[in-house]
Protein chains: 2
Amino acid sequence: MVDPGSSMNPQVERTHRVMLDAARELLAEHGPAAVTHLRVSETSGVARATVYRHWPDRVDILLDLLRSGADLHFTPPPEDLPLAQRVTGLLEKLAAALNGNSGQILTAMIGLAEWDDDVFAALGRMRAFGPRLLRDLLAGGLADGSLTAATDIDVLMDALIGPLFLKRLLHHDEITDAYVGDLVDTVLAPHLIG
Amino acid sequence: MVDPGSSMNPQVERTHRVMLDAARELLAEHGPAAVTHLRVSETSGVARATVYRHWPDRVDILLDLLRSGADLHFTPPPEDLPLAQRVTGLLEKLAAALNGNSGQILTAMIGLAEWDDDVFAALGRMRAFGPRLLRDLLAGGLADGSLTAATDIDVLMDALIGPLFLKRLLHHDEITDAYVGDLVDTVLAPHLIG
DNA sequence: CTTGACCGAGACAGACTGTATCATGGTTGT
DNA sequence: ACAACCATGATACAGTCTGTCTCGGTCAAG
């Protein structure tokens with residue numbers, strides 16, 4: 001099997017990228033069921049045998065797509081802003097990711113993860129990045145007294161993130177900054193001090 | 001094509017039910033990709049041609065499963081309870097549905113709905129039932145003064161339902177009544193009067 | 001009992017899957 | 001520049017799945 005990660009062979013890297021682009025296009029246009037060796041081969045122009053060489057199993061293509069395509073590790077917002085604004089900024093970044101390509105990849109992966117343990121594990125690894133930052137933010141707010149002492153930050157976090165997923169996955173709505181603002185006003189604001 | 005809905009033929013009804021049970025088992029065990037005419041035929045013992053006669057297209061089986069399997073229209077809670085308890089009761093019922101078979105069907109459908117308009121439409125029809133009741137509840141609370149006047153009940157509703165979906169779909173966690181209680185305390189309680 | 005509708009069984013072409021082989025062309029180190 | 005190496009392209013192959021059709025048997029209703 002070919003290893004495009006550690007290998008510096010430009011031929012391998014180029015072929016891999018071309019195929020992965022085709023796979024991403026197939027996923028976006030026709031869903032995960034359409035991401036097969038044959039269709040990746042046809043779409044990319046790369047020989048079918050080569051697709052099998054890079055990813056022996058069909059799900060490997062999707063996992064590769066998940067690793068390469070979902071950029072959900074955000075940079076922490078500036079610390080001099082008040083908590084509400086920092087949370088809002090972070091949620092807006094998450095919303096933007098969900099609105100775009102990452103949302104589509106996530107949707108596919110959530111569907112697959114229900115029955116494929118490998119996909120679920122990969123999803124779990126990725127899931128850790130975004131929310132962790134939010135959790136740190138809320139924990140900091142609890143520590144410095146910005147949040148009321150009795151606040152359950154885990155539930156609060158779910159109440160902030162959950163609606164974004166709900167809107168994107170179930171309702172297929174674009175998540176606007178205005179919506180994020182309303183969400184923070186409704187969910188977070190009552191727990192703020194000052 | 002066979003019409004088991006209006007037809008009173010017990011033969012048709014029996015065959016249809018046997019096949020649908022097999023399809024449900026396949027979905028639960030191996031996911032929507034496994035729900036094919038061939039495998040439904042093998043699992044149910046019904047001839048392959050018959051499966052095609054009932055559902056010409058593969059997605060029709062899944063849509064039928066969605067209609068028959070996801071019971072998400074709940075009965076309204078008793079009106080003499082305070083708003084918080086009525087909301088809690090409703091959310092607990094939704095949580096129970098998500099924990100059970102309906103959650104699995106929903107997961108599959110959400111994945112398919114991203115790329116199949118028929119599934120999305122069917123999902124939309126079903127989605128209307130549960131939340132509408134919750135929305136009526138919150139609207140009533142706004143009208144009778146249980147909720148603060150400035151409350152955005154649509155966002156509030158998302159903040160109550162979203163976390164349940166998040167936990168079930170992304171985290172694969174069982175949704176406990178305790179969690180629902182914490183959620184209501186964190187999200188709804190600050191907006192209650194009295 | 002007769003009629004009509006449904007089911008089971010089998011056949012069929014066409015497409016897809018997974019693997020193997022071998023020649024070709026690009027890549028790397030000397 | 002050259003040779004050794006390695007990935008790729010092309011092709012072939014059996015096995016499986018898909019979608020459709022036909023025909024004889026079976027069931028339910030009038």
Side-chain angles (χ1 to χ4, degrees), chain A residues 1-23 25-27 29-65 68 108 112 115-116 118-119, chain B residues 1-23 25-27 29-65 68 108 112 115-116 118-119:
Chain A
M1 171 169 171
V2 181
D3 180 3
S6 60
S7 164
M8 287 298 105
N9 191 328
Q11 186 184 14
V12 175
E13 196 188 344
R14 189 176 50 83
T15 308
H16 198 83
R17 186 176 39 76
V18 169
M19 289 188 295
L20 212 53
D21 287 345
E25 181 186 330
L26 283 169
L27 178 68
E29 202 121 343
H30 302 102
V35 183
T36 66
H37 295 93
L38 176 63
R39 300 198 63 175
V40 168
S41 163
E42 290 172 342
T43 307
S44 65
V46 175
R48 193 163 60 95
T50 303
V51 187
Y52 278 98
R53 276 189 277 260
H54 280 249
W55 304 286
D57 202 312
R58 206 180 70 88
V59 78
D60 296 334
I61 310 177
L62 292 161
L63 289 175
D64 208 339
L65 226 44
S68 76
L112 297 173
W115 296 275
D116 187 311
D118 290 337
V119 175
Chain B
M1 170 169 172
V2 182
D3 179 4
S6 60
S7 163
M8 288 297 106
N9 191 327
Q11 186 185 13
V12 175
E13 197 188 344
R14 190 177 51 82
T15 308
H16 198 82
R17 186 176 40 75
V18 169
M19 288 189 294
L20 212 53
D21 287 344
E25 180 185 330
L26 283 169
L27 178 68
E29 202 122 346
H30 301 103
V35 182
T36 67
H37 296 92
L38 176 63
R39 298 197 65 174
V40 168
S41 162
E42 290 172 343
T43 308
S44 65
V46 174
R48 194 163 61 96
T50 303
V51 186
Y52 277 99
R53 276 190 276 262
H54 280 249
W55 304 285
D57 202 312
R58 207 179 69 88
V59 78
D60 296 335
I61 310 177
L62 292 160
L63 289 175
D64 208 339
L65 227 42
S68 75
L112 297 174
W115 296 275
D116 187 311
D118 289 337
V119 175

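Lettering follows sequence order; numbering is per chain, from 1.
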| task | Write down the atom of V35(A), the atom of R58(A), and the distance for their closest heavy-atom approach. | result | O-NH1, 3.0 Å

| remark: Residues V51(A) and H37(A): closest non-hydrogen pair is CG1-CD2, 3.6 Å

| Value in whole Å for how far the P atom of dT20(D) lies from CG of D57(B) | 9 Å

| said: Can you confirm whether D116(B) sits close enough to V59(B) that some side-chain heavy atom of one is under 4.5 Å from a side-chain heavy atom of the other? | reply: yes

| said: The criterion is side chain to side chain contact (heavy atoms under 4.5 Å, CB included); which residues satisfy it with E29(B), sequence neighbours excluded? | reply: E25(B)

| said: For nucleotides 13-26 of chain C, give me one character per nucleotide, 5' to 3': B if any protein heavy atom sits under 4.0 Å from the base, S if the only such contacts are to the sugar-phosphate, - if neither. | reply: ---SBBBB------

| Any H54(B) side-chain nitrogen or oxygen under 4.0 Å from OP1 or OP2 of dC6(C) | no

| query | Among all residues two or more places apart in sequence or in another chain, which pass the salt bridge (Lys or Arg N to Asp or Glu O under 4.0 Å) test with D21(B)? | reply | R24(B)

| task | Could you tell me whether the phosphate oxygens of dC7(C), OP1 or OP2, come under 4.0 Å of any side-chain nitrogen or oxygen in T15(B)? | result | yes

| How close or far is atom C1' of dC7(C) from atom CH2 of W55(B), stated in whole angstroms? | 14 Å

| said: Using whole Å, what does the distance between atom C1' of nucleotide dT28(C) and atom CD of E13(A) come to? | reply: 16 Å

| said: Give me the atom names and distance for the closest heavy-atom approach of I61(A) to L20(A). | reply: O-CD1, 4.5 Å

